[in-house]
Structure formats: structure tokens, C-alpha cells
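Being a predicted model, the structure only gives us computed values, none of them experimental. Lettering follows sequence order; numbering is per chain, from 1.
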Amino acid sequence: MAGKYKESVTVVSQESIAEEIYSLWLQTADIAEHAVPGQFISMYTNDGSRLLPRPISICEIDRAKGQLRVVYRVTGPDTGTEQFAALKQGETIEVLGPLGNGFPLEAGKGRKAFLIGGGIGVPPILELAKQLDAEKQIVVGYRDTQFLLDEFGQNGAVFVATEDGSAGTKGNVMDAVAANELTADIIYACGPTPMLRAIKAYAQEHDIECYLSLEEKMACGVGACLGCVCQSRDKDAHSNVHNKRVCKDGPVFLATEVEL
Amino acid sequence: MAGKYKESVTVVSQESIAEEIYSLWLQTADIAEHAVPGQFISMYTNDGSRLLPRPISICEIDRAKGQLRVVYRVTGPDTGTEQFAALKQGETIEVLGPLGNGFPLEAGKGRKAFLIGGGIGVPPILELAKQLDAEKQIVVGYRDTQFLLDEFGQNGAVFVATEDGSAGTKGNVMDAVAANELTADIIYACGPTPMLRAIKAYAQEHDIECYLSLEEKMACGVGACLGCVCQSRDKDAHSNVHNKRVCKDGPVFLATEVEL
Amino acid sequence: MNTTINLAGVELKNPVMTASGTFGSGEEYSEFVDLSRLGAVVTKGVANVPWPGNPTPRIAETKCGMMNAIGLQNPGIDLFCERDIPFLKKYDTKIIVNVCGRTKEDYCEVVERLAGEDVDLLEINISCPNVKAGGIAFGQNPAAVEEITKEVKKYAKQPIIMKLSPNVTDITEMAKAAEAGGADVLSLINTLTGMKIDIHKQAFALANKTGGVSGPAIKPIAVRMVYQVANAVKLPIIGMGGIATAEDAVEFILAGATAVSIGTANFFNPTATVEAVEGIEAYMRQYHFDSINEMIGLVK
Amino acid sequence: MNTTINLAGVELKNPVMTASGTFGSGEEYSEFVDLSRLGAVVTKGVANVPWPGNPTPRIAETKCGMMNAIGLQNPGIDLFCERDIPFLKKYDTKIIVNVCGRTKEDYCEVVERLAGEDVDLLEINISCPNVKAGGIAFGQNPAAVEEITKEVKKYAKQPIIMKLSPNVTDITEMAKAAEAGGADVLSLINTLTGMKIDIHKQAFALANKTGGVSGPAIKPIAVRMVYQVANAVKLPIIGMGGIATAEDAVEFILAGATAVSIGTANFFNPTATVEAVEGIEAYMRQYHFDSINEMIGLVK
Ligand SMILES: Cc1cc2nc3c(=O)[nH]c(=O)nc-3n(C[C@H](O)[C@H](O)[C@H](O)COP(=O)(O)OP(=O)(O)OC[C@H]3O[C@@H](n4cnc5c(N)ncnc54)[C@H](O)[C@@H]3O)c2cc1C
Ligand SMILES: Cc1cc2nc3c(=O)[nH]c(=O)nc-3n(C[C@H](O)[C@H](O)[C@H](O)COP(=O)(O)OP(=O)(O)OC[C@H]3O[C@@H](n4cnc5c(N)ncnc54)[C@H](O)[C@@H]3O)c2cc1C
Ligand SMILES: Cc1cc2nc3c(=O)[nH]c(=O)nc-3n(C[C@H](O)[C@H](O)[C@H](O)COP(=O)(O)O)c2cc1C
Ligand SMILES: Cc1cc2nc3c(=O)[nH]c(=O)nc-3n(C[C@H](O)[C@H](O)[C@H](O)COP(=O)(O)O)c2cc1C
Ligand code: FES
Ligand code: FES
């Protein structure tokens, strides 16, 4: 198992790429070197009153430069993510990572794949799209404003869904799949739970191998506190009950293994 | 009564002027305009985990530029004052002021005066020295490293005491007064309680009018919480007991009015 | 949009008030806040005679909170009636007088004295650490809570708010006892007893050794207690403990508080109270509440 | 310089340990911390059978603190003995097993099962909100505390630490009851019960509605309780509640704790425990303490 690092990292650049969506490049000593697509980092604010980390997916990895990109949504005023958005080039923050298990790249090798991202689940799909060696159909769903579309275009065929119909198919990612009559042998997905539930049902119905990245409130991020569990089909070897830790055993799970 | 203002002020400049002693110029909208020597400001950190203000004396007032100077000691690692020391030009912090009553300038007019500062009680003596219209004998005591001496030299005769004897009289401010055979008709002083106690005794013995600036832990800084009281000789009109509020009724008191 | 709330027949224009002991009798903060914007001003605790309070240091900072051991310094009821009530009468706000005492008789004397004064409600602080009844603080024993409530009610002309201590195993027992004793309103929470040691001086940070912890640090405990009490008694509740923003105030109201008090937050934001008034209105607009009463205890 | 401390005959190389439930059985944090540097590792609570715990969300952030409602999820004593004890035996540290249960029998079963295992002390968690004895949590009633302590002692081969709940009127009563029941060591505090409401979702932040508040926010309350208990009983105390730095640890020791546990701080600083070990040594050098025992309860 690769190591985890608690680092004070420097902000290389930060920009707002859509309404309330920020893109941040971080210079890391070790994390970028070990990270794989689908893993996340725990980001800590510089405000002593906020103790817990914000789990944020790795959006891009530049191993050569030792840099990581994260793309995140500011969830409101006076939140930790709002404090992240105030970070300027050269400033530092604490991060812990890389955490969790990434998307299984081998499983998709040479196959016809859906890479599905919804909302703030879109970012991890980018590094996946860059590294996955497959026939890539990238299906991304947004409420309204889109982001990262240019980068996706360089890594596969892109299909867009928007809730307000402002671009691509009006509706959700599965509507875009249907509208474009897409098919696949394997699915990778990250996004809100209702979306994942729909994808799981679709995968089951069509008997497709399917990997989902889940979300849960976290404290430790490393598997120690049992704060972030999801329900598992089988009795889990670690917990000895039907619970798996999203931070450590996930966040990516085989769809059939977990209850949503 | 002049108003008080809660302002987000900008750092004009910050420098370290002695070991652990910092000098900070702040651009204020209203405070500099209303401040008088001996008043203080409540400084708030930018860290949400530290709620209470740090009361810091006003060291210089530049009314023309709308700027205030404070000089403060970093009391240790992981303190609020350490966070102040990290402030850079252009950054902002919250302050409340001007607070308390200053030194009575009229009382000293044309008289022979001691202006005594000890340790981190030295800074407020500077603006006093600049504004007081008197025969000024400035007596300043330091543990070891001295600061603000140049500025004092421009405003009166300066006598120095150091605990380690590295400059001026070895000993405390009263030793410097004795060594230099100084006399005065009125005393203004700020510094640690043992020093103020000695000055009070001296003033009593020589029957000299004497004003002391006291220190106490504060919460509100405006007289509402009764956190910062000192004992008063007479029953206080506000409290109806023998307590006066340092933040509101002081920090400067007639020596005979307060018990030390 | 209707923000008026009703506390035992007294109508407040909005649910925001000051927490006793953090706002004096309003004068000091009137430089920052138009007191007429507040639902009520709750005064610092007042006793039958002047109290000098505890030695200093009385204040210590804690993480996201503070401790105080003021020891209920107050000028006594006479000066209070002469000076503080007339001051507050100049504003269009309700006046709530916080009452403290060492014995039952002390409390009753103050309450009786206030019967003839033009104030709106009385808040009885039975959670001050100095006050003992047979060795047990009034506020930590249900029988004592009931008894003191009954006694005070005998002398009271204004509705009575009993202010509960959080330093108890089961706050609902105390709430029920106050209700049984005839309380009109409950307020909670007072401070949690804490201690801080200065490791460099190897001494207590407060002269009194212990002090009351307040501020955002204690908010989750306060919300829990307000929720529990709201679901255990029928009385209206004034919620407090760590409220610093309108969002915090709304949290207490959704948990079951009819009104809220802001204490420690005044010390770092002198306009916290008016900002809460405005922020609650903004919240009501955003979530389409016509009346604040629809919000009270909404989360079950 | 001597940092060894003695807990009921068990010698720890230093007073720093992990707080139950925040450190698993050490494996996850062994990537960051050499477990052999710690006085002891205290494991997550373990019951006689596997427990699934509460639904999610189980975690919420609060100001300078957090709330958890894990609900004592654990793999059961069998898997624990098979996997977790052998893992910890690889390190040169003491092993303290935290025990939970729903009934007296549950506790005794685990304690009996552990009698044959190579572990150093048992910590009995009688402050978990799920555990009821006649409608009252074990840890909130002195008679229940004494009784469960006595029962557990009957089956125990290792010294017993009783872990006390802070959600009580008078913690010294509980401490005395545990002492009367034969406890060897006391640990305090467990979490304070709190609640958080998401005002935008208008719902509880935790699926369980209430949760336990931990972290720096609760430190002043914990220090006060440790001080009170240290001055009420003769047993050694393991102090905890908001310890994040060596300075915090020293504060608890000066207040009367023989050892300290670090919990929530691991989540924001995975090396908090070893940093505390080093920082305590630095403090001892600075203030010329030859033995840590000179520091215990120094501030009176
Ligand atoms: C594995 C994983 C990967 C994620 N990747 C991304 C990403 O790439 N970009 C992005 O914008 N968001 C991502 N999220 C969601 C992100 O963690 C939350 O939006 C963020 O924590 C909110 O913090 P805040 O300070 O804005 O909110 P606050 O309201 O200030 O947070 C309060 C607390 O709730 C927690 N919290 C709030 N919302 C969530 C949530 N949805 N999931 C987990 N914890 C939450 C926070 O961590 C904090 O402890 C991810 C979540 C997980 C679990
Ligand atoms: C009227 C007045 C004027 C002052 N002027 C100056 C000045 O010009 N320069 C300067 O360096 N210092 C001055 N002080 C002292 C200064 O307020 C404290 O050194 C400072 O608050 C320490 O804060 P900290 O964050 O470093 O310490 P921390 O240990 O982080 O502070 C913890 C808490 O204790 C309070 N506190 C600690 N020491 C003192 C103290 N000595 N007096 C009051 N509160 C304290 C802090 O405000 C805070 O609430 C003055 C104090 C008063 C009362
Ligand atoms: C400095 C100070 C003085 C207080 N004095 C009183 C008092 O006289 N009477 C009283 O009932 N409560 C008193 N309290 C308690 C507050 O009214 C309030 O219950 C508590 O501080 C929690 O609210 P907060 O976190 O908003 O401060 C005092 C609190 C502080 C901080
Ligand atoms: C996530 C979490 C899980 C916990 N689980 C347990 C437990 O299983 N048994 C127990 O006795 N205490 C448990 N506790 C309480 C801690 O051991 C400790 O008493 C409390 O958190 C206070 O210390 P802290 O502020 O350093 O975290 C848990 C605390 C947290 C935060
Ligand atoms: S966040 Fe602690 S186990 Fe996942
Ligand atoms: S600090 Fe509140 S009265 Fe002085």
C-alpha cells in the first residue's frame, strides 16, 4: 500500500472556472507522486475554528511538476470551501493524501467505457479520462454552467447533460446516454447519490461492470474513526458487519458491493 | 464622549524593532481621528478560534494620514500576538477603538513631568511625549533590548534603565530617577503592576500628582462585561462598589484613586 | 413578514435579545446598536444589595469560547431602578431584568421591588455558582428549582423566566420542575463550568479557579438542551449559548426556541444582535416563512 | 528525565495515549506514528458481538470541535482478539482495550474473554448513549456506576479503568462510586452530548439527531472535571477532552491527570500524539522537572 502524507502545500495557482467553482493547483512534495485517479485529498482550512478536513477529489496529477489539481465548489458563505477560494498564489495549506482507492484502470483496458461525472463529481473523471486506456465515452452532467469541457474533449468523446437544457441533453447523465444511444462494457462514475443509484440500476439491468465513487461526511479520512461508512452487500472483512469505510475501502466501489 | 468604531483596518507597514517586539502602522477610517494618547485599541486576530480582543495601547497617532501605530510584544508561540506579527502590508484586521480615557494633558501643562514607561508599557508614552506640553523627563525601563529610544529623544530628555545594566541605569525606572536625581511635579506612567506600585508609593511620599495606566484581562473592552475591574479607593459611581473598569473608566487612573 | 413573538403575553418585535451580563444595561453597546431594533434587552444580574464580585483575573480565553468569573458584580437594585430602567425606557424595546441572589429571600426582595417598576419580564438566574441552597446550587436540584420558582412567583407582577444551568445530568428535569413551580418562560443555557491552567505560571487562569464557559464552543450542547426542553415542557424557551450569527439564531429557533439571546458574540462583534435581526428576516424571505412562529421547533 | 508513569501497577513509558474510537486499533495511524513511541494505545470500543453502529451521517463539524454518532460500530471481541491484539503486540507500547456493551452481561462477557489475552488494562466505557440500565445510562447514576464496576471487577484479570461521562451534575459522585466499586483507574471525559441542525436542509446534521461533542471546544470543561475528580478520589486519572498539543497535555497533568489521551486532534494532526510526547519532555526540561510525577496535580 502506498503511503499517505500530511503536507503543508503551496498554492501554484487558483482561478474561478464557473460560478462558485474554483480550480486550484497545489505543489506537493509527495502526494502527486503517489496519487492515482479517483483518490482524494483531505484539505484543511487555515482557520483554527474548523478542525475537520474537506475531502476533495484529485482532478489532475502532474507528476513531472509534482503538482495536483483540485476543482471544488464553494458551498456557501462562511464555509471551509469559501476559505479555500480566498487562497492566493504562494500561500500554503495543509493537506493529507493521497487517500482512498482509485478507479481500477486495468479493468477498463481496451474496453468500451462510460466515464460519468455529475455536478461536483465531474472533477475526478478528468484524470481518469487521461489515464484510462479504453474507448472513452465521457458523459458529464451539470445543473447549469459547465466546466472542464475543453479538457474532457482532449481525452475522449464527450456527451453533456444539463438540468436546464442550456447545453447538450436536457436532463441527467442517463438521459444523455439514452439520447445519444450509447452503450458500454464498463462504467466509472462519480456524482450525487441519486445519480449513482440510477447508474447502478442501469448497470444491473444491462449487466455491466460498474464502479462508483461515493461521498460521505468524514473525520479522519484514513479509516480509523468509522465515521464515513456505507452499507455493503457482504459482511466486510474489516468491520465484520455490513459496513465499508468510504475513505479507506472506497471511495470507489464495485456497484454490486454497496447499497445506495 | 467621542465615539468608538469597529473597523477592518489595513496594515500600512509592520517591522520587528527589537527581539519579539513589533511595530505596526494601521490605516483607519475613524479611530486615528478621535484617538488621544493613553487610549488603546482592541485588536482581533483573523483566526476564528480566538474570540477575544488583545488590548494594545496606541503608540503614535498620525491624524493627517489617518494612521495609528501600535508596538507590541509577541508573548509566545501560538498566541494572538504571534498572529499579529504575521500580518503583511495590505492585509486587514479588525480593531475596535479608540477605547478608554487617555492621559490628562491639561494637568501637565507647563509643569515638570515624569513620563515613565516600563517594558511593554513604553509604547503609549511616545504619543504622550509628543502631545504633552510640559518639561518632559522621559524615563524608560527595559528588561534588556531597548526600543523607541530615537523617537523619545526627539520629544524630551530621556533616561534609560535596564534590568541587565546593558544601557543606562542598571535597575528599574525608579533607580534611574534616583541615579539622575530627577524631580517632577506630575507623573504619567505605564508598565507592569510592581513598577506602578513603586511609582505610586514614590508619588505619595513626595506628594506628586500621579497618573497610572493599568492592565487587566478584558472581554468587551467597552465597559459592559465587568471583566476588567480594578479596586478603587472610593465607591465607584457606576459600579456602586469599590470597583472601576479598566477598559472604560481607565486605563489611566489618578494613582490615589486605585488600589494596586 | 411577521417576526413578532410572544413570551407569556409580552409581545416582542423580534426574537433577538441580549444575554444577561454581556451587555450591561445596554448603555455601552448603544454606541454600536440602536437598542430599539432589538426584541428585548436583558440586563446584567441585579441583587438586592450591591455585590463586588470576584477578584481578577475574571476573564480567560478558550478555543472558540471564553470563561468568565465575574461573580455577579452589580450595583444593587436601588441604583439599578434609579439609573438603568430610565435609560432603557428611552428605547422602543422590551426590558428584561435578570435577578440574582444568595438566598430565596434575596431573590424575592428584588422581585418584589421590581413589581412596581415598568419592566416587562424578570429572568431569574438560578445557575450562578455563588448561590447555594443547602450546599447545592438552586439550579442543579429539581426540588430546589420548583421551590424557588414558586417563591418568586408569589412576589412577581411580571412574567417570570427561569434561567437554567447546563451543568446537570438531565436538563428536562429542571425544566419540568420550573414549569411545575409556575414559571412562565424558560431560558437556557447559562455557562458550563470550566477551568484553565496557565502552564507557564503554573496557576489557574482565573482568580476564582473555575469560570463559566460561553461562546460558539458550547453551541452544540445548548442546541441539544433547547431541543430536549422544547420537547419536554409547554413553556416558551429563550435559547442561548454560542449564538454569533443569524444562522445560529435560526438553528435555535428550529430546535424549539421562541426567542434567542446573544452574549459572548457581542464582545467580538458589537453589532451581532442587529445583524441577527436582519439575517433572520433574510432567512425567512429565502425560505418563505410568513411568520417566525412557523419556524419554532420545526425540526423534530 | 523520567517520563514513566504508573497506572495500577502497569508502567507506561510516557503518559501519552490515544483516545478510544479515534485511533482504531492503531493500524491506520501507524503510517504516521511509530506506535512504540506512545505510552499506550487505547483501542476502539469492542463488544461481545459485532455492532453495526448508527446510520450516516455520523460526523458533523462544530466550532473548534466535532460531533460523532458512530454508535460503537465494532467487529466483536472474537475478530478483535484474533486480529487487533496481535497487530498491537508488534509494538513496544501498552495495550488498553476499551469495552462497551448494552447490558452488564455484555460487558462481563468481554472482560472475561480478555482475561486470557495479553493486554495491559481494560477501559470500561459506561458513557455511551446507547447503553441503558433501567432507562438511565450506566454512567449517569452513581449506584449503577458502582454496580457495574463491581461486576466487571469480578471477571477482570487486568486492572480496570472506568471511563466517566461528563453529562452529569456532579462528576465527583460518579468518580467516588467507581472507586467504591473497586475501579483501579478513572478516565475522563467522554463526549458531551450535542446537536446540530442544518438550517438549509432543516434537518439534523446527524442521522442519530444527537452526537458526542469532542475536540478543543470542550477542553475547559474536561480540565475542570479532571481537577475536581483528582481532588475527590485517590485513583490515578487519565485525562482527555480537547488535547491537541503538548501544552494541553501538560495542563491536564498539572490539574491532576497521571496520563492523557488524544482523540479528535489525530484527525487534524495525525502526529499529534508523538508531538505531545516530545513537547512534554521539552516542557520538563524548560521547567526542570526530573520526573513527570512531580507535575501531577501540581496546581491546587
Ligand atoms: C471522496 C469525496 C470527494 C469529494 N470531492 C470533491 C471535489 O472534488 N470537489 C468538491 O467541490 N467537493 C468534493 N466533495 C465534497 C466536499 O467534500 C464538500 O463539498 C466539502 O467538504 C464541503 O465543505 P464546506 O467547507 O464547503 O462546507 P461546510 O458546510 O463548511 O462543511 C461542514 C462540514 O461538513 C462536511 N461536508 C459538507 N458537505 C460534504 C459532502 N458533500 N461530503 C463530505 N463532507 C461534507 C465538511 O467536510 C465539513 O466537515 C467530495 C467529497 C468526498 C467524500
Ligand atoms: C490597556 C492595555 C494596553 C496594553 N498595551 C499593550 C501594548 O501596547 N503592547 C503590548 O505588547 N501589550 C499591551 N498590553 C498587553 C496585551 O494586551 C497582552 O500582552 C496581549 O493581550 C497578549 O495576547 P496574546 O495573544 O499574545 O496572548 P495569549 O496568551 O494568546 O492571550 C490569551 C488571552 O489573554 C489575554 N491577555 C494575555 N496577557 C494579557 C495582558 N497582559 N493584559 C491583558 N490581557 C492579556 C489576551 O487578550 C487573550 O484574551 C496591553 C494591555 C492592556 C490591558
Ligand atoms: C461575562 C459574562 C457575564 C455573565 N453574567 C451573567 C449574569 O449576570 N446573569 C446570567 O443569568 N447570566 C450571565 N452570563 C451568562 C450569559 O447570559 C449566557 O447565558 C451565556 O454566556 C451563554 O451565552 P453566550 O455563549 O452567547 O455567551 C454571563 C456571561 C458572560 C460571558
Ligand atoms: C469518532 C469518535 C469515536 C469515539 N469512540 C469511542 C469509543 O468507542 N469508546 C469510548 O470510550 N470513547 C469513544 N470516543 C470518545 C473519545 O475517546 C474521547 O473520550 C473524547 O473524544 C474526548 O477526547 P478528544 O476531545 O481528544 O476527542 C470517541 C470519540 C470520537 C471523536
Ligand atoms: S473518515 Fe474516519 S473512517 Fe472514514
Ligand atoms: S473588558 Fe468588559 S468591562 Fe472592561
Side-chain angles (χ1 to χ4, degrees), chain C residues 60 62-67 136-137 140-141 165-170 174 192-205 209-213 215-228 242 244 246-255 283 286-287 295 298-300, chain D residues 60 62-67 136-137 139-141 165-170 192-205 209-213 215-228 242 244 246-255 283 286-287 295 298-300:
Chain C
T62 66
K63 287 283 170 179
C64 285
M66 61 172 283
M67 288 199 308
I136 299 163
Q140 294 182 309
N141 174 320
S165 166
N167 300 295
V168 295
T169 306
D170 183 355
M174 307 303 151
L192 283 148
T193 307
M195 176 180 279
K196 182 174 174 176
I197 289 174
D198 183 323
I199 66 164
H200 300 294
K201 298 190 181 144
Q202 294 167 1
F204 299 103
K209 295 190 184 181
T210 59
V213 184
I218 69 168
K219 196 185 72 170
I221 298 158
V223 172
R224 183 260 296 180
M225 289 187 168
V226 165
Y227 176 84
Q228 288 180 314
E247 286 71 27
D248 297 334
V250 167
E251 190 177 353
F252 276 81
I253 295 168
L254 294 175
Y283 180 87
Q286 187 183 350
Y287 291 98
M295 286 166 57
L298 190 66
V299 176
K300 283 272 187 287
Chain D
T62 66
K63 287 284 168 177
C64 284
M66 61 172 282
M67 289 199 309
I136 298 162
Q140 294 181 310
N141 176 319
S165 166
N167 299 297
V168 296
T169 306
D170 183 355
L192 282 148
T193 307
M195 176 180 279
K196 182 173 173 178
I197 289 173
D198 183 324
I199 66 164
H200 300 294
K201 297 189 180 143
Q202 295 167 0
F204 299 103
K209 295 190 183 181
T210 59
V213 184
I218 69 168
K219 195 185 71 168
I221 299 158
V223 172
R224 182 260 296 181
M225 290 187 169
V226 165
Y227 176 84
Q228 287 180 315
E247 287 71 28
D248 296 333
V250 167
E251 188 176 354
F252 276 81
I253 294 169
L254 295 175
Y283 181 87
Q286 186 182 352
Y287 291 99
M295 285 166 56
L298 190 68
V299 177
K300 283 271 189 288

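At a 4.5 Å heavy-atom cutoff, the contact between L298(D) and chain C is made by side-chain atoms alone. Of the two parts of V223(D), the backbone and the side chain both hold a non-hydrogen atom closer than 4.5 Å to a non-hydrogen atom of chain C. Looking at A203(D), the atoms closer than 4.5 Å to chain C (heavy atoms on both sides) all sit in the backbone: N, CA, C or O.
Under the side chain to side chain contact (heavy atoms under 4.5 Å, CB included) rule, P220(D) has a single partner from K196(C), K63(C), M67(C), which is M67(C).
Most heavy-atom pairs under 4.5 Å with chain D: of the set Q228(C), M195(C), K300(C), this distinction falls to M195(C). Taking chain C as the reference chain and counting heavy-atom pairs below 4.5 Å, the highest number among D198(D), I221(D), T62(D) is found for I221(D). Among V213(C), I218(C), I197(C), the residue with the largest count of heavy-atom pairs under 4.5 Å with chain D is I197(C). Of the listed residues N167(C), V226(C), D170(C), the one with more heavy-atom pairs under 4.5 angstrom with chain D than any other is N167(C).
Y283(C) places a side-chain N or O within 3.5 Å of a backbone atom of I199(D) that can act as its donor or acceptor partner.
Listed by chain and residue number, Y227(C) satisfy the side chain to side chain donor-acceptor pair (under 3.5 Å) test with K209(D) (two or more places apart in sequence, or in another chain).
From T169(D), atom OG1 reaches atom CE of M174(C) across 5.5 Å, with rounding to the nearest 0.5 Å. To the nearest 0.5 Å, the span separating OH on Y287(D) from NE2 on H200(C) amounts to 5.0 Å.
Applying a 4.5 Å heavy-atom cutoff, the residues of residues 246-253 of chain C that approach chain D are E247(C), V250(C), E251(C).
Taking both residues in full, the closest heavy atoms of R224(D) and T193(C) are given as NE-O, 2.8 Å, listed atom of the first, atom of the second, then distance.
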